[in-house]
Amino acid sequence: MITIKDWMEGVKYRVTDNWDFQWQCFGSNAMVLESDWGVHGGRTYTITYDKTSLEVYEVCSYSQEECTGLRWLNPDYRKGYFAEEKRKGMWDITHFIEVNSPKGWSWLTKMFGF
């Protein structure tokens, strides 16, 4: 499983923003950290986690310029995430490549300098 420590080390402890995650699929304690590297390579990295248990729900890497991104969703919450996305009528302008394992995430993000 991906940990907050893994993510923090990957972004070199550079946190540029944070906010409460507003959807219910991850519960009421979901928090997002962001590391924006727009000036240094054009990518933004986010991690969504439970601020009490520290369980990681989602990790993303995306470029708004390229409209591309990588996303790992915790398998225990995928169904709920996509159900809420559908209920809300949401669609991503960013075309995420879904990464199915933490090891896959590690390998793919290295391609982008993460």
Side-chain angles (χ1 to χ4, degrees):
M1 219 31 97
I2 295 172
T3 66
I4 296 170
K5 180 180 183 277
D6 296 334
W7 185 85
M8 290 293 280
E9 288 174 352
V11 299
K12 299 176 178 66
Y13 299 93
R14 177 189 167 106
V15 175
T16 56
D17 204 355
N18 69 83
W19 61 89
D20 290 329
F21 189 75
Q22 299 298 308
W23 290 18
Q24 297 306 307
C25 57
F26 299 144
S28 60
N29 287 325
M31 179 85 178
V32 180
L33 295 178
E34 177 182 88
S35 181
D36 187 357
W37 290 79
V39 178
H40 305 288
R43 297 202 73 78
T44 299
Y45 302 93
T46 62
I47 185 168
T48 306
Y49 67 98
D50 186 288
K51 56 188 170 186
T52 303
S53 71
L54 304 183
E55 179 178 21
V56 175
Y57 301 121
E58 177 185 46
V59 180
C60 295
S61 166
Y62 61 90
S63 167
Q64 290 184 346
E65 282 182 23
E66 298 169 7
C67 292
T68 60
L70 302 170
R71 174 172 57 196
W72 174 83
L73 281 170
N74 185 318
D76 295 339
Y77 297 90
R78 288 179 68 80
K79 187 176 180 179
Y81 178 92
F82 290 123
E84 187 164 351
E85 182 179 62
K86 185 176 182 178
R87 273 194 316 277
K88 291 178 177 289
M90 306 293 289
W91 64 91
D92 288 320
I93 57 168
T94 301
H95 303 288
F96 283 103
I97 296 169
E98 297 294 335
V99 180
N100 295 322
S101 76
K103 287 183 181 181
W105 172 262
S106 175
W107 179 80
L108 285 169
T109 53
K110 285 181 182 172
M111 291 173 36
F112 295 109
F114 180 67

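Worth knowing before you read on, the calculation uses all heavy atoms, side chains too, and leaves out hydrogens, waters and symmetry mates.
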Check side chain to side chain donor-acceptor pair (under 3.5 Å) between Tyr49 and all other residues, then give those that pass, not counting sequence neighbours.
none
Does Lys5 have any side chain to side chain donor-acceptor pair (under 3.5 Å) partners at least two apart in sequence or in another chain, and if so, which?
Glu9
Give, for atom [atom1] of [X] and atom [atom2] of [Y], the distance between the pair rounded to the nearest 0.5 Å.
X     : Y     : atom1 : atom2 : answer
Thr48 : Glu55 : OG1   : CD    : 12.0 Å
Ile47 : Ile2  : CD1   : CD1   : 7.5 Å
Trp72 : Arg78 : CH2   : CZ    : 10.0 Å

With distance as the sole test, does Asp50 use its side chain to make a donor-acceptor pair with the main-chain N or O of Ala30 at under 3.5 Å?
no
Answer yes or no: is there a side-chain heavy-atom contact under 4.5 Å between [X] and [Y]?
X     : Y     : answer
Leu73 : Tyr57 : no
Val56 : Trp7  : no
Arg14 : Met8  : no

My understanding is that only residues two or more places apart in sequence, or in another chain, count here; which of them pass salt bridge (Lys or Arg N to Asp or Glu O under 4.0 Å) with Lys88?
Glu84
Hey, are Arg43 and Ser61 close enough side-chain-wise for a donor-acceptor pair under 3.5 Å?
yes
Is there a side chain to side chain contact (heavy atoms under 4.5 Å, CB included) between Leu33 and Thr46? Walk through the geometry before answering.
CA-CA 6 Å; Leu33 295 178; Thr46 62; over 6 Å; no
Please report, to 0.1 Å, the donor-acceptor pairs under 3.5 Å made by any side chain of residues 15-28, with sequence neighbours excluded.
residue: Thr16; atom: OG1; partner: Glu34; partner atom: O; Å: 3.2
residue: Thr16; atom: OG1; partner: Asp36; partner atom: N; Å: 3.0
residue: Asp20; atom: OD1; partner: Lys51; partner atom: NZ; Å: 3.1
residue: Gln22; atom: NE2; partner: Asp20; partner atom: O; Å: 3.0

